[in-house]
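Here's the structure, in structure tokens; my notes come after.
Just so it is clear, the model here is predicted, and its values are computed rather than measured. As a basis for the values below, the full set of heavy atoms in this structure was taken, side chains included, without hydrogen atoms, waters or symmetry mates. So that the names make sense, note that chain A is the first sequence line, chain B the second, and so on, each numbered from 1.
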Amino acid sequence: MSVIEVPAREVVRPLPAGPQPDPVADIARVVRHEPLGAGNHRLVLHSARIAATALPGQFVMVTIPGFVLPRPMAIHRRRPHDGTIELIYKVAGAGTESLALSAATSLELVGPLGRPFQLSSAQKNVLLLGRGIGVCAFMTVAEDIAARGGQATAVLSARSSAGLIGIDDAVELGVTAFTVTDEAASSDTASVGRTVIDHFGADGPDGIMVCGSQRLARLAVELGRRWSAPVQVSLEAHMACGLGYCHGCALPCDGDSEGLLVCADGPVFALERDGRSQ
Amino acid sequence: MSVIEVPAREVVRPLPAGPQPDPVADIARVVRHEPLGAGNHRLVLHSARIAATALPGQFVMVTIPGFVLPRPMAIHRRRPHDGTIELIYKVAGAGTESLALSAATSLELVGPLGRPFQLSSAQKNVLLLGRGIGVCAFMTVAEDIAARGGQATAVLSARSSAGLIGIDDAVELGVTAFTVTDEAASSDTASVGRTVIDHFGADGPDGIMVCGSQRLARLAVELGRRWSAPVQVSLEAHMACGLGYCHGCALPCDGDSEGLLVCADGPVFALERDGRSQ
Amino acid sequence: MSTTVRAVTTATRLPVQIGSLRLENPVMPASGCFGPELARLGSLAGIGATVTKTVFLDERGGNSPNRITEGPSGMFNSVGIPSTGPRGYLETLHPRYREIGVPVITSVGAHTTAGYAHVLEMLGDAADAYELNVSCPNLDKHGVEIGADPVAIEEAVALACVATDRPLIVKLSPLVSSIGDCARAAQNGGAAAVCVSNSVPVLPVDPRSMNPALGNMIGGLSGPRIRPIILRLVWLVSQAIQIPVIGCGGIESASDALEYISVGASAVQVGTAGFSHPRALARIAADLVRLADEHGTTSLREVVAQLQRSTK
Amino acid sequence: MSTTVRAVTTATRLPVQIGSLRLENPVMPASGCFGPELARLGSLAGIGATVTKTVFLDERGGNSPNRITEGPSGMFNSVGIPSTGPRGYLETLHPRYREIGVPVITSVGAHTTAGYAHVLEMLGDAADAYELNVSCPNLDKHGVEIGADPVAIEEAVALACVATDRPLIVKLSPLVSSIGDCARAAQNGGAAAVCVSNSVPVLPVDPRSMNPALGNMIGGLSGPRIRPIILRLVWLVSQAIQIPVIGCGGIESASDALEYISVGASAVQVGTAGFSHPRALARIAADLVRLADEHGTTSLREVVAQLQRSTK
Ligand SMILES: Cc1cc2nc3c(=O)[nH]c(=O)nc-3n(C[C@H](O)[C@H](O)[C@H](O)COP(=O)(O)OP(=O)(O)OC[C@H]3O[C@@H](n4cnc5c(N)ncnc54)[C@H](O)[C@@H]3O)c2cc1C
Ligand SMILES: Cc1cc2nc3c(=O)[nH]c(=O)nc-3n(C[C@H](O)[C@H](O)[C@H](O)COP(=O)(O)OP(=O)(O)OC[C@H]3O[C@@H](n4cnc5c(N)ncnc54)[C@H](O)[C@@H]3O)c2cc1C
Ligand SMILES: Cc1cc2nc3c(=O)[nH]c(=O)nc-3n(C[C@H](O)[C@H](O)[C@H](O)COP(=O)(O)O)c2cc1C
Ligand SMILES: Cc1cc2nc3c(=O)[nH]c(=O)nc-3n(C[C@H](O)[C@H](O)[C@H](O)COP(=O)(O)O)c2cc1C
Ligand code: FES
Ligand code: FES
């Protein structure tokens, strides 16, 4: 039932808290809002401050008119030159359905929020594994890698080719992208594993980022062990504040003290094989 | 607070219950739905059974998607030849506002409901006094008068000329219509009284129907006494069922037993000067 | 093929036993939200029973307008239960309920624990079962209700049991400190089932005038938005007692009814939905039969279990 | 002209006295729906006070996910009040609340009537006032709350009064048989004010899976749809006691706050609205000041009276 899907035998650990931009509460002009097919929608918002400061992997909370809880959405693209950010969302329930039908010309939002993906200055060759809208969590990593002249490789997975996200972005950012789908029977972990191992050979990437699929996360951990590359995962949880005070987004935990908060300790976490369960 | 505005010194009495058409629950196709200005909207629905059977002054309950209570609306026009009925509604609150924005292609409704205006076969010369959307309560009387070759005279009152309802209908049905507005300072009871007395002279109408204004109702009673013409009024009350079982629409009453139900004993009542309060 | 399916559909029964009374379908109207007038809009043969508006001993006028209105929370009503007394009911209303052709459950109200028995004595065995409304939030503005006091509930039910052989359903109030205690009191008093619950007490304010939106100030909230509130009460009650629980609050569809089954209800009542959709009762009754057919069972519990498994 | 108006606005105060504590504005956050993090999004200088999440004696982990979700009825939460205990609170959270620059009201919880005093002893006079949360519906699934038992409330408050000189606000539970009795018990125990109320207990079911939508099954409903329910409780409480009543439930705007003033509240708390609109608290506080200015008064009661008269 929970949307929090920490892979069973893997553990998440918080990344060290680095400096983060101050979040702002903004009323953002809707610059573009259009269906992309397969229930996905592109939403481009004008929010100069967020566009200028957001770190890769950060998210925003978008208020949907008529709903009490804002919806967390990854910042898929930042375009500081025109002050916009791009979100891609999938119609998942009542809120996103209403958003998709909405003709609102501005939307309330708060961001940028959450701990970003960590990219040391040495990391220039990363593997991004994403399924469905999970791809939106890491395209900003590809932006930063492109900016520093590195190379990102991405596996874009989806149920059907109509649901594939990020192909245009990959082209724009010079990402080597493999698209895999259930439709084409190319999205199972074994196939995806073979594809990327073939691609990288013995010299693997120096970092792996994954989002949107438990199976891909498990694959990421295996690949990380193979290549001694650190793995980071972006998780989802139901959220109310996005800022760390409502305690709504805690990861399940045993014992008396509270688990990690996905909004403030994540959404990006280090992902490792659990020593205990081996 | 109550929408029930029985004129202070006047009393309403139920009209004798005559035969009434059986109500139906229908899902009616929206044939036309358009703004008329001043917050009024025309809604033409295809409901052959209601169009064919409704008596003058009857109403329907229209279900607005997303709202729990259906809204009572007078049947403004019946067009049995094409199976449609026409409603005109004013945006008054959340429900009618939502209806005005709705692109629904069909609407659930129940009708025809309520006791109709009583027109004896002798009555051929009636005066209709209506203000705002109150006019919609009696245009079906004008239809029946026209059908029997009689003459209806109507005072159509509104705040502004943009809010006047029924002018086209009056033309179509051969009604002698006087339009009066607050804007033109022609809508006060004294002016309206003078206008109709000038028009009718000593030989008054043989029946007076009124809806939509307490002041007009009081005028109707005075005119009724002057010309010995029976006066009928159509009242409003908040309603849930429209059928007589929820007891939500009772008129205020003293004592232990319940007052009249506007939906089942009305909405059309005989209106008389209260003997006690003179 | 389609004839076969249709034959099965018609044959399927979803029986519910309320004491000695067997209902052929678990769907019935909520008290005060139904009238024989509805039979004019289409057949009601498929529903489990009808339930009448609450009958009181004394004649009552009800509250002043506005008696009903709607806000974003749902329907507000302060009708106040006008009643023509048991005699008026037996003469004019009861025969019309009988004509519908399904069991008649007559709702009975009173202001003392002994009062229910008095009304029941006058009604005799006219009805197939009685529903004791111990929870009307509209009549007295302050004052703790009979339904908020387990001792009073047990006494009222025990006295009522003496006055009639018909099965008694006790309709509880939602705003009590421990609904489990209230339900146990009803069971101990001899109830055959409990109904959970009456509408939720409210004081809606009209933002335009900053005055109460209802003539009586206090009213009851009903409709789909109260469903999560009442689901919790049904769950608490179904943990507390062994007799059947009838869920009532915000049911608009067969799916809503199944939510109640999932937390322990055996039958459901449909109130407010009948205003927006006058055929709601008949439709929900038929949809549940269809769902049971599709899942190859005559148990709605089993339908729920299958749905739960299929989304695991 | 505009400078003059602005000068008046800034000068206006809408003071509320809670025992010895004077708030300059009647608007404050609801416990658990506010964090010092919000100060990063804009100034909070105009609000009357901050209120902390409830602090318990023991460390607590809170409930399993999903802890929050939304349905047509509003926000459902079963966070379950994770707490790091009074020491953890004093070390890490309290200083950050202090920085905001308005009075700090610390919410305190316990599972015995003596428990509140224990927490208060550890907190000393760190806070400007304390709010006793006698009504958390999430922690125990069954079990009658302290807040449902007037005797327990009075005892808890009386013991707490011995442990601190700071004014005590008692935050009541909505689902009780007689909220007037609960409020009187709080007043008799020595409370300086009561807050009405906590969220409304619910069991939301996810229609897709027919399973509970919250990890803990039972949760609390909050947001605008509960306002008519809580307005009635505030009205009943304001009839029952003389100390100030703080209204809390579904307030999203200054108009919503005035609805509470119209039924007897002296101050308000804003919870869920702060999630959809993080600037809601500051906006409502400023809007009330502006409204009071426009009506030429510093009394919100007077604003309401003028609005009522103008729509007569
Ligand atoms: C950090 C983060 C980034 C995200 N980025 C994206 C993105 O870029 N594109 C995208 O399509 N989706 C994204 N999601 C998921 C998105 O927030 C949910 O799909 C959305 O909230 C569903 O809302 P709803 O009203 O349609 O669904 P409903 O089921 O009606 O929502 C009910 C409640 O549950 C919450 N909820 C339901 N599903 C999820 C979920 N998967 N994650 C979090 N909350 C949920 C809703 O926010 C709401 O409060 C992200 C989630 C998180 C936590
Ligand atoms: C017999 C009858 C015939 C009517 N015919 C027409 C017509 O032809 N055209 C038209 O524009 N209006 C007509 N009305 C009034 C119309 O029903 C209301 O304006 C409408 O219900 C307002 O709904 P709302 O959601 O916009 O207002 P809200 O104030 O949001 O409604 C809240 C609740 O109050 C009820 N309500 C509010 N005002 C009225 C009212 N004046 N009368 C009855 N219920 C009310 C609503 O039905 C709803 O249940 C008629 C009313 C009756 C009783
Ligand atoms: C207009 C109206 C009248 C009602 N009258 C009664 C009544 O007479 N007796 C009773 O026990 N409940 C009465 N109720 C409560 C309903 O039977 C039911 O418990 C409540 O409305 C919740 O169900 P719902 O959400 O399906 O409407 C009434 C409710 C409404 C809306
Ligand atoms: C996420 C969340 C956490 C809450 N935590 C607490 C709490 O710790 N202590 C408390 O007294 N009330 C708590 N509440 C209840 C609120 O303080 C408030 O009483 C309730 O939400 C109703 O107000 P609202 O409709 O404005 O949100 C919490 C509510 C929410 C939504
Ligand atoms: S969403 Fe509020 S603490 Fe994470
Ligand atoms: S509207 Fe139900 S009785 Fe008149």
Quick one: does C:Leu231's side chain get under 4.5 Å of D:Val202's, heavy atoms only?
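Result no, sub-4.5 Å side-chain heavy-atom pair not found.
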Does D:Trp235 reach the side chain of C:Ile218, with side-chain heavy atoms less than 4.5 Å apart?
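Side chain of D:Trp235 against side chain of C:Ile218, heavy atoms only: contact under 4.5 Å found.
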Who are the side chain to side chain contact (heavy atoms under 4.5 Å, CB included) partners of D:Asp287, not counting sequence neighbours?
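Partners of D:Asp287 under the side chain to side chain contact (heavy atoms under 4.5 Å, CB included) test: D:Ala254, D:Arg283, D:Arg290.
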Heavy-atom cut-off 4.5 Å, strictly under: side chain, backbone, both or neither for C:Leu221 against chain D?
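It is the side chain, since no backbone atom gets that close.
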Working to the nearest 0.5 Å, report the span between CG of D:Leu233 and CG of C:Leu203.
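Answer rounded to 0.5 Å: 9.5 Å.
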Spatial distance of atom CG (D:Asp149) from atom OG (C:Ser178) [nearest 0.5 Å]
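It comes to 11.5 Å.
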How far apart are the closest heavy atoms of [X] and [Y], and which atoms are they?
{"X": "D:Met210", "Y": "C:Glu259", "value": "SD-N, 3.8 Å"}
{"X": "C:Arg232", "Y": "D:Leu175", "value": "NH1-CD1, 3.5 Å"}
{"X": "C:Ser73", "Y": "D:Pro224", "value": "OG-O, 4.3 Å"}

Counting only N and O atoms by type, is there a donor-acceptor contact under 3.5 Å from the side chain of C:Arg225 to the main-chain atoms of D:Pro72?
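The answer is yes, because a donor-acceptor pair under 3.5 Å joins these two groups.
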Is there a donor-acceptor contact under 3.5 Å from the side chain of D:Ser177 to the main chain of C:Ser177?
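Checking the backbone N and O of C:Ser177 against the side chain of D:Ser177, a donor-acceptor pair under 3.5 Å is found.
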Part of [X] lying under 4.5 Å from any heavy atom of chain C:
{"X": "D:Val234", "answer": "neither"}
{"X": "D:Ile229", "answer": "both"}
{"X": "D:Ser255", "answer": "both"}

